[in-house]
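The residues of the chain are indexed from 1 along the displayed sequence. As the structure lists them, so they are numbered: ligands from 1, and atoms in each ligand from 1.
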Amino acid sequence: MIRKAFKLRIYPDSDQQDKLAVQFGCSRFVYNHYRAVREGYYQDTGTGLNYNDCATDLTERLKVDHPWLKDADSQVIQQALMDLDKAYKNFFEGRADYPRFKRKHGKQSVRYPQRFKVEGEQVYLPKVGWVKAVFHRKMEGLMKNATVSKTKTGKYFVAIQCEVEHVQPEQKQAKVGIDLGLTTFATFSTGEKIDNPRNLKVSERRLKIRQRRLSRKVKGSNSRGKARFAVAAIHEKIANQRKDFHHKLSRTIVDTFGVIAFESLNIAGMMKNHNLAKAIADAGWNQFVNFVEYKAGWDGREVLRVDRFFPSSKLCSDCGAKHKALTLNIRQWVCTECGVIHDRDENAAINILKETTRGARESYAVGDTSQLVKPSAPEKFQQLSLLEAQEL
Ligand SMILES: [Zn+2]
């Protein structure tokens, strides 16, 4: 059994929009409240609070003090507490940054673990009612939970997670090493290069123009509001186009190869380098690797990673000679030891594959991303981000 998400757009009427706003607001309030409580408690006592502590406090105290919380679905509120707990776990296990407060003006979302229904062209949400929905593909499997979200531009969606039976495809023998980069999105050890798709590049150019326009508008003016909306709309579009690209590419890779090797990305560490932060965030490598991993998990493929300190772009993949780091603008180079001409990214991809299949490798269990970013000594982090910044 695997879990698949079906996303549909919903069209709540104005009364339902108000009720959804209550769900979003209460869930955000509870999340932020216990985010502050957990932090304060830790500072005072040196020990942490867990989900159960917060859940007890929620029913015995918070709901009594704030009776308006009853307007929200109780499971939605409990889910907010669970999400907070997960955010802390991800932080402590080195997978994510410290949990941030949820903002009123950001994207809003709540999750219903139960009691929602789907019938015909409608979705039933507790405390909200039957909401009109548009289905693009037929849903299948057993419904597990539903996440309702509202984008910054005011569109509403429901993502329903379903458990479906999955027939494992035939095993593939082919292996591939993949080098992820900024100039070319992905280079395979087979020599194939995958660039960001054209529509995505067009949107990114459009975003720059819109952002420039926004920055020229007078604060608080009507036209500034409109310009901000336009920027948010194009951000949404870019995120969708990128997701679509990542889904398609990861599907092709998993369909073609039985063993897929990546370099370990230290996204959290790299983000601290501000010059590169935007470019890396844009490239969305983390999302992409994530998609490859879970699809590989469904289809019984193996995903491997080389050690974070493995110098994939410095080694000659032919003779193994180690060279000095190359600057970013050098796309081709000649090995001074054996004379072979290398494409920079392809050489790195071949090295990644060689290294992982040599035995020195980390294998990933399905869905286990705990090794994605391993916590390490702060100075190591620093060193690495500098090193990687130069290599990129
Ligand atoms: Zn060589």
Side-chain angles (χ1 to χ4, degrees), residues 172-196 249-250 252-254 256-267 269-270 273 275-276 279-280 283 285-286 288-289 292-293 296 301-364 371-374 376 379-392:
K172 294 275 178 191
Q173 295 305 316
K175 297 173 180 177
V176 70
I178 299 175
D179 178 70
L180 298 172
L182 291 174
T183 29
T184 308
F185 178 77
T187 305
F188 296 177
S189 51
T190 54
E192 200 177 339
K193 284 176 181 280
I194 310 287
D195 217 347
N196 276 310
L249 182 59
S250 57
T252 309
I253 290 169
V254 169
T256 318
F257 300 101
V259 174
I260 303 148
F262 285 108
E263 207 157 11
S264 292
L265 303 171
N266 176 20
I267 303 282
M270 286 163 98
N273 184 312
N275 289 335
L276 276 174
I280 290 161
W285 295 338
N286 225 354
F288 172 68
V289 173
V292 172
E293 273 181 338
R301 313 297 198 218
E302 207 175 354
V303 176
L304 306 169
R305 279 163 190 276
V306 294
D307 184 74
R308 284 202 279 126
F309 296 97
F310 177 67
S312 62
S313 56
K314 287 185 215 163
L315 297 177
C316 167
S317 58
D318 260 55
C319 72
K322 192 173 171 179
H323 298 271
K324 273 192 196 154
L326 308 161
T327 52
L328 224 194
N329 53 345
I330 300 171
R331 309 308 308 168
Q332 273 201 343
W333 57 282
V334 182
C335 176
T336 49
E337 295 296 315
C338 71
V340 168
I341 303 167
H342 289 299
D343 170 275
R344 177 204 182 94
D345 300 335
E346 188 185 335
N347 178 63
I350 294 170
N351 280 329
I352 290 166
L353 180 62
K354 273 192 173 173
E355 180 69 8
T356 46
T357 47
R358 204 167 58 106
R361 65 192 201 185
E362 302 170 23
S363 181
Y364 278 68
Q371 294 176 66
L372 217 111
V373 179
K374 275 188 187 168
S376 68
E379 62 271 21
K380 253 190 184 173
F381 259 78
Q382 277 293 323
Q383 253 178 22
L384 185 80
S385 55
L386 283 173
L387 192 88
E388 275 173 342
Q390 281 162 4
E391 282 194 9
L392 277 160

Under 2.8 Å from the Zn ion (ligand 1), the protein N, O or S atoms, given as residue and atom: C316 SG, C319 SG, C335 SG, C338 SG

The criterion is side chain to side chain donor-acceptor pair (under 3.5 Å); which residues satisfy it with D318, sequence neighbours excluded? none

Only pairs under 3.5 Å count here: list side-chain donor-acceptor contacts from residues 333-343, not counting sequence neighbours, and write none if there are none.
unit_1 : atom_1 : unit_2 : atom_2 : d
H342   : ND1    : N347   : OD1    : 3.4
D343   : OD1    : K193   : NZ     : 3.1
D343   : OD1    : D345   : N      : 3.1
D343   : OD1    : E346   : N      : 2.9
D343   : OD2    : K193   : NZ     : 3.3

Value rounded to 0.5 Å, distance of CZ in F257 from OG1 in T190: 5.0 Å

Got a sec, which residues hit side chain to side chain donor-acceptor pair (under 3.5 Å) with T184, two or more places apart in sequence or on another chain? none

Under 4.0 Å between a side-chain nitrogen and a carboxylate oxygen: does that hold for E302 and K172? no

Applying side-chain contact (heavy atoms from CB on, under 4.5 Å), run through D179 and F262 and close with a yes or a no. CA-CA 7 Å; D179 178 70; F262 285 108; over 6 Å; no

